[in-house]
Amino acid sequence: MSTALTVRDLRIGIGQGINLVADINFSVRAGEVLALVGESGSGKTTIAMALLAHTRAGAVIESGAVLTDGLDILSLSEAELRHVRGNIISLVAQNPAMALNPLRTIGQHLHDVLKAHQPELDVDSRSARIAEVMQDTGLPGDAAFLKRFPHQLSGGQQQRILLGLAFVLRPRVIVLDEPTTALDVSSQARILVTIRTLCQRYGTAAVYVSHDLAVVRQLADHVMVLYAGRIAEIAPRASLFALPRHPYSHGLLEAIPDIALRRAPSPIPGQAVGPAQRGAGCAFAPRCRHADGICQAQAPRLRDVAPDHQAGVHQLACHHTALGLTLSQPQPSLATQQRDQSSLPPVLYLHEVSAHYGKQPVLHGVSLSVSMGECLAIVGQSGSGKTTLAKIMAGLDIAASGRINFNGHELPMRAADRAPAQRHKIQYIFQNPYQALNPRHTVGETLATAARHFFKQDAGDIAQQVNAALHKVALPARVATQYPRELSGGELQRIAIARALICQPSLLICDEITSALDVSVQANILELLQSLQQQGLAIIFVTHNLGVVRAIADRVLVLNHGITVESGLVDALLDQPVQEYTKQLIADSPSLFSDLAA
Amino acid sequence: MSLLKPRFLTSQAGLGLVISLSILALALLGPWLAPHSPVALVGPRYGAPDASALLGYDYLGHDVWSRLLAGGFSLVWMAAAASLIALAVGTLIGMTAGFFRGRFDQATLWWADVFLAFPNLILVLLVVAMLGREPWLIVLIVAVAFLPGVIRLSRSVTLGIAQLEYIEASTMMGYSLPRILLREILPNIATPLLIHLGTMMSWAVGILAGLSFLGYGVEPPAADWGLMVNENRAGLQIQPYAVLAPAVLVALFALGTNLLAEGLGRANAGIKEKA
């Protein structure tokens, strides 16, 4: 098939000789999907936006060409760009709820695009086109549906509308910026199928930006792995997932918790470098186990490693082309060897807990228990009531009924009614580490306040405890004098955990605590949680990610619409689910090892 | 352009700071520097400037320069006190309302809106006409007139902060209410409140000077900038300095505090955009 998009020597900088991305060369053939993969700060979104000749404030496209059908998009004027955007190259944004105008109906959105780009069409031909695109995207095309406003649709339907808006003009290239991040796994699985079908049907080249390699495996023909604004590896999908050649690609794959794999994911040590700190050598060298002298001295160039081009282009930017990296494989024999720890007396026991917001019930008689040193995962899609359940246990003010028993004592629903001696034993860690710490307090102040609140001690003891807590989460003591804005997401989440640990808890409630973090950092946090669990801490881990459940949990409870669907030992439940809902959830979870349809 | 912008803004705040500090210094140190007593009759009525009176004489023959130096203190302390009282009380009420929400919040908002509907100056005039013109009373009334604005502002910024996870975390830890309000929330809403303080200062200067001009402020024969404008307006054509000098100082003080507040506000917004 013909090449639909070619990018040559793209370089985007922020002035003063600092570049965000550089030496970006790739092409996508019509009907194929190229995935741009990397962690935050790798430049994947910057590149994707540059394909539409757009940059964020402060960044400038310094050089390069973006060619479709011989037309260089970067050389066009604003007026010409208006014609090209949507018509030849279009965008699907990350958050559909923010990308649609809440005051205009779905139908108006679609008509607007057609009116702007093809003013010669009359109402009837526009309506015909819209009916066609609604069918393409798997949405009802009747008048009543088109009259709905964005807020009357589910997240998955909203994302389908964005797809429809992008496809209605049959562009040559479509850019998708993490379009499924805001969706639950089932909607995600269906959207991915739709994207693939539409690209093939209309010969559209797609550039799909994602941080999730498991998702990319369901969709992409080629994968481009980015690190610190440079291409690390471009490979056909099959080659990358079977035999990654770059140590970073390999590290990413090993860091992903997978539903098919009962093992702790292994983190990539260290942190990604910022655009200003990049030295002369390979940007990944400080984190690479295989780095040697040449890696420190000289940045590797992107080279072909499979010159025959039979399976497609495979390029690598690494001095060491023959590392022989191997990936962990699932071992089905281990699946049933998990031991049952629930014979230990429970730390926390919930009996028939129900809750409602206003008149809307969100939980119906949920019972659960968790023992010392055990990790219980609560799994559910958005709106299943899992966060509500977690907050009830933490004693946040929610209208709830039922009984909570903690260490053999009845526990009041509200934290304010609980005795301090009970309160410090249950600690809660939030999803978003960037908002979990007061930005105006140093880390040391935050930790010391918590310690002082529960244990009356002199200043020396407190300082010692702060250091000990930081040590437990593997952070240096100097962090105590820093403010949250100076730290990375992974570090912030460690501090949130340290704040919980300084209260000497016996139960830790973790609410999606890794979902805002990069995979390599997530693996780090999961590792930390596991070591805490081995020290006897009970953990309740709320998540929608079944891969994480398999990696760290002992038992799991599946929640849907506030009702317990199923619960049991992790391996037994994930390998032999009984309920239809659980089966579907497992089938929709992206995995690095599942069989692919085509 | 991105480099020029903040520099221009800080220069605006800087100009405001210089003006405000100069007026403040004049008002605070003035009484000690005045060559004559502000109430001593030292020259002819509406006398022109001469060697012992830089700005001439007023309607009774006081030295205008001496009265100018002595007359700023009342305005400055009353404006500052009224604004600070309004800020302290209003912030506490607004934060509590924003943190708890529910009935208390609604009741507070309702009262604030009713008060907001009253024009400030009319409210102050009404109370002063009924209860007298004691300086502490005027300060209190001006503070009360400013309260609704502070309450509304502090409540709305608190609403945004109170839903963030670090506040939820401190609730779960069982921290005391004063601790949550004063140590966790207050530092995070301080910037918009301080900017509002500057704005209130310039409003207070306007109200207090206006009050004196209308004859409801500082009692004659004491010196006061607003009062001086009123006293000498009959002689505007003969001895314009006696009216213009205090008027210019009032205007400068209002301008200075306003520039300062606005400059800080814009600089703060700029920092936020960057982050």
Side-chain angles (χ1 to χ4, degrees), chain A residues 14-16 57-60 387 390-398 414-424 426-441 445-447 449-454 483-485 492-493 495-496 499-500 502-503 505 509 511-513 516, chain B residues 1-7 91 95-106 154 157-195 264 266 268-275:
Chain A
I14 48 173
Q16 289 142 16
V60 183
T387 293
K391 287 192 170 168
I392 288 173
M393 290 186 255
L396 217 66
D397 207 358
I398 290 167
R414 293 179 57 220
D417 301 335
R418 295 178 184 174
Q422 293 173 318
R423 217 179 318 162
H424 79 84
I426 301 181
Q427 288 298 319
Y428 192 97
I429 299 164
F430 290 90
Q431 175 171 11
N432 186 347
Y434 298 95
Q435 289 184 357
L437 302 168
N438 194 326
R440 300 281 169 148
H441 295 174
E445 267 175 78
T446 297
L447 296 179
T449 308
R452 218 177 292 127
H453 178 67
F454 286 119
Y483 284 91
R485 64 170 177 275
L492 291 177
Q493 201 57 289
I495 289 159
R499 174 173 60 187
I502 213 169
C503 304
I509 301 170
D511 183 6
E512 301 249 21
I513 66 167
Chain B
M1 197 185 99
S2 59
L3 278 174
L4 284 173
K5 225 173 161 186
R7 214 177 284 167
T91 303
M95 278 200 305
T96 318
F99 181 69
F100 283 108
R101 288 186 278 171
R103 291 236 173 96
F104 176 69
D105 184 33
Q106 278 172 4
S154 56
V157 282
T158 304
L159 270 186
I161 302 277
Q163 287 164 9
L164 294 185
E165 294 172 341
Y166 59 87
I167 302 299
E168 242 180 8
S170 24
T171 319
M172 281 184 194
M173 298 283 247
Y175 290 166
S176 68
L177 180 65
R179 209 214 119 83
I180 294 179
L181 288 185
L182 300 180
R183 299 269 293 120
E184 306 285 338
I185 296 182
L186 187 60
N188 288 293
I189 64 170
T191 318
L193 289 174
L194 288 178
I195 293 164
L264 286 179
R266 284 203 209 162
N268 185 53
I271 289 163
K272 268 184 188 160
E273 272 166 31
K274 259 194 214 160

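Proteins come first, then strands; the chains are lettered A, B, ... in the order of their sequence lines, and each starts at number 1.
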B:Ile161, B:Ile185, B:Asp105, B:Leu159 screened by side chain to side chain contact (heavy atoms under 4.5 Å, CB included) with B:Phe99, the one that passes:
B:Ile185

Take A:His424 and A:His453, measure what side-chain contact (heavy atoms from CB on, under 4.5 Å) needs, and give me the verdict at the end.
CA-CA 9 Å; A:His424 79 84; A:His453 178 67; over 6 Å; no

Considering only heavy atoms and a distance below 4.5 Å, find which of A:Ile429, A:Thr446, A:Thr449 pairs most often with chain B.
A:Thr449

Non-hydrogen atoms of chain B under 4.5 Å away: do they reach the side chain of A:Phe454, the backbone, both or neither?
side chain

Is there a donor-acceptor contact under 3.5 Å from the side chain of A:Arg499 to the main chain of A:Ala436?
yes

Show your working on side-chain contact (heavy atoms from CB on, under 4.5 Å) between B:Met172 and A:Gln427 and close with a plain yes or no.
CA-CA 8 Å; B:Met172 281 184 194; A:Gln427 288 298 319; over 6 Å; no

With chain B, the option among A:Arg485, A:Gln435, A:Arg418, A:Glu445 that has the most non-hydrogen atom pairs under 4.5 Å is A:Gln435

Please state whether the side chain, the backbone, both or neither of B:Arg179 comes within less than 4.5 Å of a heavy atom of chain A.
side chain

